[in-house]
K.L.:
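Take a look at the following structure, please.
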Amino acid sequence: MGALRRAALALAALLGVSWAVLEVHVGTSLVFSVEGQQAVLPAWYTSHSQNEPYVTWMLYKTTGPFQILSYLGGVVKVEETDLKPRMGFLYPIHSHNISVFINATREQDSGQYMCSVNVVDDTIRLDKNVGIINLTVLGKAPPVTLHLPWPSPWCPSGLTPVPAVPPAAPTCQLHGNAIVGANVTLSCSSKKGKPSPMYQWQREPPALQVFFPPALDRARGTLKLTNLSLEMSGVYVCRAENQAGSKNCSIVLEVHSTSTKAVIAGAVLGSLGALATIIFFAQKVVGYRRKKRDSQEEGANEIK
Ligand SMILES: *[C@@H]1O[C@H](CO)[C@@H](O)[C@H](O)[C@H]1NC(C)=O
Ligand SMILES: *[C@@H]1O[C@H](CO)[C@@H](O)[C@H](O)[C@H]1NC(C)=O
Ligand SMILES: *[C@@H]1O[C@H](CO)[C@@H](O)[C@H](O)[C@H]1NC(C)=O
Ligand SMILES: *[C@@H]1O[C@H](CO)[C@@H](O)[C@H](O)[C@H]1NC(C)=O
Ligand SMILES: *[C@@H]1O[C@H](CO)[C@@H](O)[C@H](O)[C@H]1NC(C)=O
Ligand SMILES: *[C@@H]1O[C@H](CO)[C@@H](O)[C@H](O)[C@H]1NC(C)=O
């Protein structure tokens, strides 16, 4: 990335301006299908970039998220799941419509599907490059539970449905010494929330990066960063979410070439104004870059 473009990105971040922001849209967040029929998960994205996107579709199950379909460099890859022979993209990717179909649906196809799009030269705002659709496949017989009197004979008395509670603002922490070549773990934990919140870590633009398992443990909220390099410095945001809501926290990771103070601060974003947050980010990014450049020059001088 050229210095000019970097400066422009920093300036845009500073002003809160975003050009060419990539966004994923979904036609609906709830799709219903009847067993045996075809289901379509409608999603598309907008971007001013002409570059090839990297598109993934994931399915979240109780056992965790797994990738089911992806598109990269002109190649559609369908992962080895029981969906494999039955699913695919509905349209050519260059149409920017990344809808998928699932033929001959089964009840176990039900779940939360998430698509995400990344384009190398496009700016991404957290959350905007993902689309989430819940698929519910109904058995051919009407679902029995819908007609049950409450309390039902299968639910021991005393157990009443618990209303969902949104997560409390999580705490972001760094474990380990952030020096080049080392490993560190970022942890994120919310004290409240019902059902237990799931966690997502993301590194903020301009070097946006979305993390996936196994580096990310969505249930525990940990993100393992291995073999640190100076380039991995940046602002990392963790979002804790459940069906009732989401809260986030952030941490500035500053990787050092020698072991000095590792982390500037953890900041709870939720309580900061958007502008303050943006300026904070931009300063960190600019500051980090300056630092990095200085340290590289120092290195060069030493060699002489
Ligand atoms: C993408 O395809 C889906 C499914 O056919 C459709 O519902 C949606 O309107 C399309 N989106 C656009 C922007 O054409
Ligand atoms: C899915 O069903 C459609 C319509 O019945 C059919 O045209 C298509 O070939 C099927 N695709 C797969 C992968 O089974
Ligand atoms: C970092 O983690 C990797 C993979 O988990 C491991 O192979 C390596 O030994 C670790 N390095 C250090 C310095 O702990
Ligand atoms: C760690 O990163 C450096 C430079 O990025 C690379 O040369 C080295 O092979 C990496 N080590 C491991 C264990 O991945
Ligand atoms: C989709 O499913 C997830 C997980 O079951 C749930 O937390 C979420 O609230 C659902 N979304 C909608 C819009 O119903
Ligand atoms: C963090 O939460 C605040 C609201 O509490 C929201 O305005 C902001 O967009 C969130 N930031 C991220 C990066 O998710």
Side-chain angles (χ1 to χ4, degrees), residues 24-43 57-66 68-69 71 76-92 99-115 127 130-138 143 145-146 161-167 176-184 190 192-200 207 209 214-215 218-219 224-234 239-247 253 255-257 292 295-296 299:
V24 170
H25 308 267
V26 295
T28 169
S29 54
L30 292 175
V31 169
F32 292 91
S33 171
V34 174
E35 207 176 357
Q37 290 183 357
Q38 188 193 57
V40 169
L41 310 180
W57 277 92
M58 317 253 296
L59 170 57
Y60 288 96
K61 286 282 204 181
T62 46
T63 49
F66 52 93
I68 49 178
L69 186 65
Y71 174 91
V76 173
K77 186 170 171 210
V78 192
E79 302 293 332
E80 289 296 335
T81 67
D82 62 351
L83 286 162
K84 183 171 182 177
R86 298 181 288 130
M87 83 173 304
F89 287 106
L90 208 48
Y91 305 104
S99 301
V100 293
F101 65 86
I102 300 173
N103 284 353
T105 51
R106 305 168 184 170
E107 280 187 83
Q108 59 267 32
D109 298 341
S110 298
Q112 189 171 31
Y113 289 75
M114 185 182 99
C115 59
D127 279 352
V130 301
I132 295 178
I133 297 176
N134 284 6
L135 172 67
T136 306
V137 180
L138 305 165
T145 44
L146 288 182
V162 185
V165 179
N177 202 354
I179 55 171
V180 170
N183 299 338
V184 293
S190 170
K192 238 172 56 184
K194 208 160 234 154
S196 299
M198 294 300 261
Y199 301 93
Q200 176 68 55
Q209 194 176 359
R218 277 184 50 86
K224 189 166 185 207
L225 300 172
T226 55
N227 195 16
L228 290 182
S229 63
L230 293 175
E231 289 71 27
M232 288 161 84
S233 298
R239 200 173 66 246
E241 71 183 337
N242 67 12
Q243 57 198 251
S246 82
K247 286 275 166 54
L253 175 68
V255 180
H256 291 264
S257 38
K292 191 183 137 199
S295 71
Q296 280 170 353

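Side chains included, hydrogens not; waters and symmetry mates left out as well; all remaining heavy atoms used. When a ligand or atom number is given, it counts from 1 through the structure's own listing order. Nothing fancy with the numbering, it's 1 onward along the sequence.
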K.L.:
Taking both backbone and side-chain atoms of N134, is any N or O found less than 3.5 Å from an N or O belonging to ligand 5?
P.N.:
yes
K.L.:
Would you say the side chain of Y113 lies within less than 4.5 Å of the side chain of V31, judging by non-hydrogen atoms?
P.N.:
no
K.L.:
Could you pull out the closest heavy-atom pair between N183 and T226, with the gap in Å?
P.N.:
OD1-CA, 3.1 Å
K.L.:
Are any non-hydrogen side-chain atoms of L30 and T136 less than 4.5 angstrom apart?
P.N.:
no
K.L.:
What are the atoms of ligand 5, with element, lying closer than 4.0 Å to any heavy atom of Q243?
P.N.:
7 (O), 9 (O)
K.L.:
Compute the shortest N/O to N/O distance between R86 and ligand 2 and return yes if it is under 3.5 Å, no if not.
P.N.:
no
K.L.:
Indicate the atoms forming the closest heavy-atom contact of P167 with E241, along with that distance.
P.N.:
CG-CA, 3.9 Å
K.L.:
Apply side-chain contact (heavy atoms from CB on, under 4.5 Å) to residues Y60 and M198 and explain how you reach the verdict.
P.N.:
CA-CA 11 Å; Y60 288 96; M198 294 300 261; 5.7 Å; no
K.L.:
Which protein residues come within less than 4.0 angstrom of ligand 4, counting heavy atoms only?
P.N.:
N227
K.L.:
Can you name the residues that form a salt bridge (Lys or Arg N to Asp or Glu O under 4.0 Å) with K84, not counting sequence neighbours?
P.N.:
E80
K.L.:
Which heavy atom of V78 sits nearest a heavy atom of M87, and at what distance?
P.N.:
CG1-CG, 4.2 Å
K.L.:
Between Y199 and S190, what is the shortest heavy-atom contact and its length?
P.N.:
OH-N, 2.9 Å
K.L.:
May I ask you to identify, for I132, whether its side chain, its backbone, both or neither come under 4.0 Å of ligand 5 on a heavy-atom basis?
P.N.:
neither
K.L.:
For ligand 2, which atoms have a heavy atom of P85 less than 4.0 angstrom away?
P.N.:
13 (C), 14 (O)
